[in-house]
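Throughout, protein chains are lettered first and strands after them, A, B, ... in sequence-line order, and every chain is numbered starting at 1.
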Amino acid sequence: MNYWLFKSEPHVFSFADLKTQAPRPEPWTGVRNYQARNFMRDQMKPGDLALFYHSSCPQPGVAGVIHIASTPYPDPTQFLPSEEAFDPKATPAHPIWILVDVAWEADLPHPVSLARLRETPALADLAILRRGNRLSITPLTPDEFHAILLLSQTAPTS
DNA sequence: GCCAACGTTGGC
DNA sequence: GCCAACGTTGGC
């Protein structure tokens, strides 16, 4: 079992959107970064758990728990010129980008804000807290995953 | 809207 | 293969 963190801008696609359609999974389209792609291709397994992180929004932070619901397969948006994530170098015979399906797993008792993540010593090495981090998919250690779940058990103090 | 930081691109 | 320029990300 591996653990992951998926970033999304909630005005584009939010944890609430994913919950609304549960148990139907959502194809995680649009990843166009090789490192994030390789995590999906090489390490992700159906049943892996992940945290859904909201970025570029009034309350950035971890919104809920999701699970990986498929093996990797080609991201169809790479072939569609109408898509923002269209890649003219990709063809169905030679796809460049892949995705996995994700599905709602559980709500958190309390969302965990970016500020709380930053002030938690156990999360000092969290990938998304590193300066200049821009990866939309990052691995979590089991300890990090469980530390964030533990944080979510209590309401923020401020 | 600003700015720092990063990945990608493309000329050489 | 280098590296400057560029576009994007994301918090504030």
(Q) Apply side chain to side chain donor-acceptor pair (under 3.5 Å) to residues A:R41 and A:T71 and explain how you reach the verdict. (A) CA-CA 8 Å; A:R41 185 188 63 191; A:T71 53; over 6 Å; no
Q) Is there a donor in the side chain of A:D17 and an acceptor in the side chain of A:T20, or the other way round, less than 3.5 Å apart? A) no
Protein-nucleic acid N or O pairs under 3.5 Å, nucleotides 8-11 of chain C:
| from | atom 1 | to | atom 2 | distance (Å) |
| --- | --- | --- | --- | --- |
| C:dT8 | O2 | A:R134 | NH1 | 3.1 |
| C:dT8 | O2 | A:R134 | NH2 | 3.4 |
| C:dG10 | OP1 | A:K7 | NZ | 2.3 |
| C:dG11 | OP1 | A:Y53 | OH | 2.8 |
| C:dG11 | OP2 | A:S56 | N | 2.8 |

**Q.** Test: A:D75 and A:R37 ion pair at under 4.0 Å
**A.**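 Salt bridge: no.
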Q: Would you confirm whether the ring centroid of A:W97 sits within less than 6.0 angstrom of the ring centroid of A:F86?
A: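 No, they do not, as the ring centres are separated by 6.0 Å or more.
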Q) Is the gap between the ring centers of A:F52 and A:W28 under 6.0 Å? A)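 Aromatic pair counts; centres sit under 6.0 Å.
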